[in-house]
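Each remark here refers to the structure printed beneath this line.
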Amino acid sequence: MPPFKGIDFCLLDELLSEDERLVRDSVRDFVDREVLPIIESCNRQGKFPEDLIQPMAALGLLGANLEGYGCAGMNPVAYGLAMQELERGDSGVRSFASVQGALCMYPILAFGSEEQRQHYLAKMAKGEIVGCFALTEPDFGSNPAGMLTKAQRRGDRWLLNGTKLWITNGGIADVAVVWAKTDDGIRGFLVDRDKPGFSTKDIAGKFSLRASVTSELSFQNVELSESDRLPQAEGLTAALRCLNQARYGIAWGVIGSAMAVYDEALEYSKSRVQFSRPIAGFQLVQEKLVWMATEITKAQLLALRVGRLKEAKKVHHSHISMAKMNNTWMARECARKARDILGANGVHDEYQVGRHLCNIESVYTYEGTHDIHTLILGEQLTGLSAFE
Ligand code: TGC
Ligand code: FAD
């Protein structure tokens, strides 16, 4: 496969700094060399490519936008471009980086004690400790405020009981950020894998994100000390602030998925001959390609603007909701159109479009479904909450 050249119809590269382009190009090269050659086989086997953790860490991709503790300290746009390139490889590989950095390292940095930061962060940036983020439960997905997992005070200890479901990295994680109800409201805890009473079970049978570990986490009378609690993580807002970080990365990541399927469909349509001419010459095929290129360009502009707002500390969580919602929808539509252009070959894993098509269904649902983000934006625009 020739090296990927990117899709930049409106010359948006001119709006990027040299450092941002350098990050993008080095992750692009990494994905071409180390992800694409192995990912289809991992997807077939339903196996996360753990061998990629160390190379990703060496590129500074774990906690990439965090400052200090051995993290790369990338600006939001460089970080977004890195997520875009990873997801061009596979949404599962980007998910690993999102969960490690945005959902596990970020809460330790933002809400943890100095002791917790010193203990976990540098090792997590090196990929020596893997983390996961446990918010969703079997009966509480879109509405995490209803969670049943409880942490009860027992003198200077805590007793944790409950079940979390659909947890990315769960089965391979050394530490879980767990959200639980206490008498004082929702709080965040760091639960190390070896705590008695903590067990995980990987979810089999997924047709989506097959190259990613997704697990059920069970806590039965897990004893924690006060030093296992994230001291500044108070209320659901703290968990939602972590989600903002991850949703921002997804808004960029899915552009990578869309680029991958557009590129594959474009090349295929130029070489596939029907009725004595390349199908790229038919108006209906061109319409699909033009739709994809236009929507990718609009998504790039939205992500870039939200990134610049984030850098200027002017971003609101509803901006991030708009970018996650729109860009994931765009990538999902691109995958469907690209699959169509490939005809029967589009349903075979010799081509990547089928894998992206299946993956994007999870991305459409996780980190707040498309409809939940619509309602978050609805509330922002009207001042009326559809949830109450
Ligand atoms: P609501 O009353 O609206 O909000 C509670 C408090 O939080 C504040 N808030 C936010 N703060 C920061 N960032 C945000 N995004 C915030 N959204 C709300 C809000 O102002 C309020 O503050 P205060 O001071 O007034 O108390 O809460 P609600 O219970 O009505 O629910 C709101 C809703 C639906 C938006 C929220 O619960 C939600 O986002 N649901 C979706 C759940 C979700 O996204 N789960 C993701 C799980 S993790 C995952 O999927 C990882 S996938 C792996 C990967 O990333 O690759
Ligand atoms: P539900 O909340 O039951 O929603 C089902 C449908 O109802 C959706 O279409 C939804 O939009 C709609 N709906 C719900 N409420 C409303 C409403 N008020 N108005 C209109 N429509 C509504 N979670 C974690 O905590 N950590 C992880 O690492 C993680 N990784 C994941 C990995 C994968 C592969 C997947 C698939 C999920 C993961 N999740 C994770 C869970 C994910 O965040 C939830 O699936 C998501 O928040 C939706 O919850 P749900 O699946 O329970 O769907």
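Just so you know, ligand 1 is whichever comes first in the structure, and atom 1 is the first atom listed for that ligand. Numbers here are sequence positions counted from 1.
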Check whether any side-chain heavy atom of Glu87 sits under 4.5 Å from a side-chain heavy atom of Ser257, and report yes or no.
-> yes

For ligand 2, the portion of Glu367 having any non-hydrogen atom under 4.0 Å away | backbone

Given side chains that start at C-beta, do those of Ser142 and Asp371 come closer than 4.5 Å, heavy atoms only?
-> no

Verify the distance criterion only: is there a donor paired with an acceptor across the side chains of Glu361 and Thr365 at less than 3.5 Å?
-> no

Is at least one protein non-hydrogen atom found at under 4.0 angstrom from atom 27 (C) of ligand 2?
-> yes

Proximity flag Gly141 to ligand 1, non-hydrogen atoms under 4.0 Å = yes

Side chain Lys270, main chain Ala280, donor-acceptor under 3.5 Å | no

Between Arg247 and ligand 1, find which residue part has any heavy-atom pair under 4.0 Å and reply side chain, backbone, both or neither.
-> side chain

Heavy-atom nearest neighbour in the protein, as seen from atom 29 (O) of ligand 1, with distance rounded to 0.1 Å = Ala145 CB, 3.5 Å

same_hphob_cluster(Leu148, Leu135) at 4.5 Å side-chain heavy-atom cutoff | no

Exam field: side chain Lys206 to backbone Leu209, donor-acceptor pair closer than 3.5 Å = yes

Counting only heavy atoms, which portion of Thr168 has something under 4.0 Å from ligand 2: side chain, backbone, both, or neither?
-> both

Could you tell me the residue and atom name of the protein heavy atom closest to atom 34 (C) of ligand 1, and the distance to it rounded to 0.1 Å?
-> Phe387 CZ, 3.6 Å

Contact bool for atom 32 (C) of ligand 2 (protein heavy atom, d < 4.0 Å) = yes

Gly368 heavy atoms within 4.0 Å reach ligand 1 at atoms 41 (C), 43 (C), 44 (O)

Which part of Leu375 is near ligand 2, with near meaning a heavy atom under 4.0 Å away: side chain, backbone, both or neither?
-> side chain

Hey, what's the ring geometry for His370 with Tyr364, parallel, tilted or perpendicular (30° and 60° as the breaks)?
-> parallel

Going by the order shown, which atoms of ligand 1 are within less than 4.0 Å of some heavy atom of Thr168?
-> 53 (C)

Ignoring hydrogens, just give me the one of Ser91, Ser142, Ala386 whose non-hydrogen atom is nearest atom 14 (C) of ligand 2.
-> Ser142

Nearest-contact summary for atom 50 (O) of ligand 1 - protein heavy atom, Å = Glu367 N, 2.9 Å

Verify the distance criterion only: is there a donor paired with an acceptor across the side chains of Glu287 and Gln283 at less than 3.5 Å?
-> no

Flag: protein heavy atom within less than 4.0 Å of atom 25 (O) of ligand 1 | no

Protein heavy atoms: any of them under 4.0 Å from atom 19 (C) of ligand 1?
-> no

Winner among Ile376, Leu240, Thr214 once heavy atoms are compared against atom 10 (C) of ligand 1 = Leu240

Please work out whether the ring planes of Tyr268 and Tyr351 are parallel, tilted or perpendicular, with thresholds of 30° and 60°.
-> perpendicular

Kindly indicate whether atom 3 (O) of ligand 2 is approached by any protein heavy atom to under 4.0 angstrom.
-> no

Backbone of Glu367 reached by a side-chain donor or acceptor of His373 within 3.5 Å | yes

Can you figure out which of Thr214, Asp371, Ile372 has its heavy atom closest to atom 16 (C) of ligand 2?
-> Ile372

Test Glu137 against every option in Thr163, Thr149, Asn143 by the side chain to side chain donor-acceptor pair (under 3.5 Å) rule and name the one that passes.
-> Thr149

Using a strict 4.0 Å cut-off to heavy atoms of Arg94, name the atoms of ligand 1 that fall inside it.
-> 56 (O)

Measure from atom 45 (O) of ligand 2 to the protein's non-hydrogen atoms and state whether any distance is below 4.0 Å.
-> yes

Atom 40 (N) of ligand 1 has as its nearest protein heavy atom Ser142 O, 2.9 Å

Phe111 vs Tyr106 aromatic rings, parallel, tilted or perpendicular, using cut-offs 30° and 60°?
-> perpendicular

Nearest protein heavy atom under 4.0 Å from atom 2 (O) of ligand 1, yes or no = no

For ligand 2, the portion of Thr369 having any non-hydrogen atom under 4.0 Å away = side chain

Heavy-atom nearest neighbour in the protein, as seen from atom 47 (C) of ligand 1, with distance rounded to 0.1 Å | Thr136 OG1, 3.7 Å

Hey, is atom 12 (C) of ligand 2 touched by any protein heavy atom at less than 4.0 Å?
-> no

Hey, mind stepping through Ile203 and Leu165 against side-chain contact (heavy atoms from CB on, under 4.5 Å) and telling me if it holds?
-> CA-CA 9 Å; Ile203 298 174; Leu165 196 59; 4.2 Å; yes

Honestly, for Leu103 the part within reach of ligand 1 (heavy atoms, under 4.0 Å) is side chain

Ignoring hydrogens and angles, tell me if any N or O in the side chain of Asn161 forms a donor-acceptor pair with the backbone of Asn221 under 3.5 Å.
-> yes

Which residue and non-hydrogen atom of the protein lie closest to atom 27 (O) of ligand 1, and at what distance in Å?
-> Leu236 CD2, 4.3 Å

Polar side chain donor-acceptor pair, Ser95 to Tyr366, under 3.5 angstrom | yes

Exam field: side chain Tyr262 to backbone Ile7, donor-acceptor pair closer than 3.5 Å = no

Would you please classify the geometry between the Phe219 ring and the Phe198 ring as parallel, tilted or perpendicular, with 30° and 60° separating the classes?
-> parallel

With a 3.5 Å cut-off and no angle check, do the side chains of Asn75 and Glu20 form a donor-acceptor pair?
-> yes

Closest to atom 12 (C) of ligand 1 among Leu135, Asn244, Ile186, Thr365 (heavy-atom distance) = Asn244

Between Trp179, Phe140, Trp166, which one has a non-hydrogen atom sitting closest to atom 39 (N) of ligand 2?
-> Trp166

Shortest non-hydrogen contact from Ala251 to Ala303?
-> O-CB, 4.4 Å

What is the closest protein heavy atom to atom 37 (O) of ligand 1, and at what distance does it sit?
-> Pro144 CD, 3.3 Å

So for Val99 against ligand 1, with non-hydrogen atoms under 4.0 Å, the contacting part is side chain

Give the residue and atom name of whichever protein heavy atom lies nearest to atom 45 (N) of ligand 1, and the separation in Å to one decimal.
-> Leu243 CD1, 3.9 Å

State if Glu379 counts as touching ligand 1 under the rule of any non-hydrogen atom under 4.0 Å.
-> no

Can you check whether a protein heavy atom sits less than 4.0 angstrom from atom 32 (C) of ligand 1?
-> no

Counting heavy atoms under 4.0 Å, the part of Thr237 that contacts ligand 1 is both

To which of Ala239, Ser95, Ser212, Gly141 does the heavy atom nearest atom 52 (O) of ligand 2 belong?
-> Gly141

Are Val353 and His356 side-chain neighbours, meaning at least one heavy-atom pair lies under 4.5 Å?
-> no

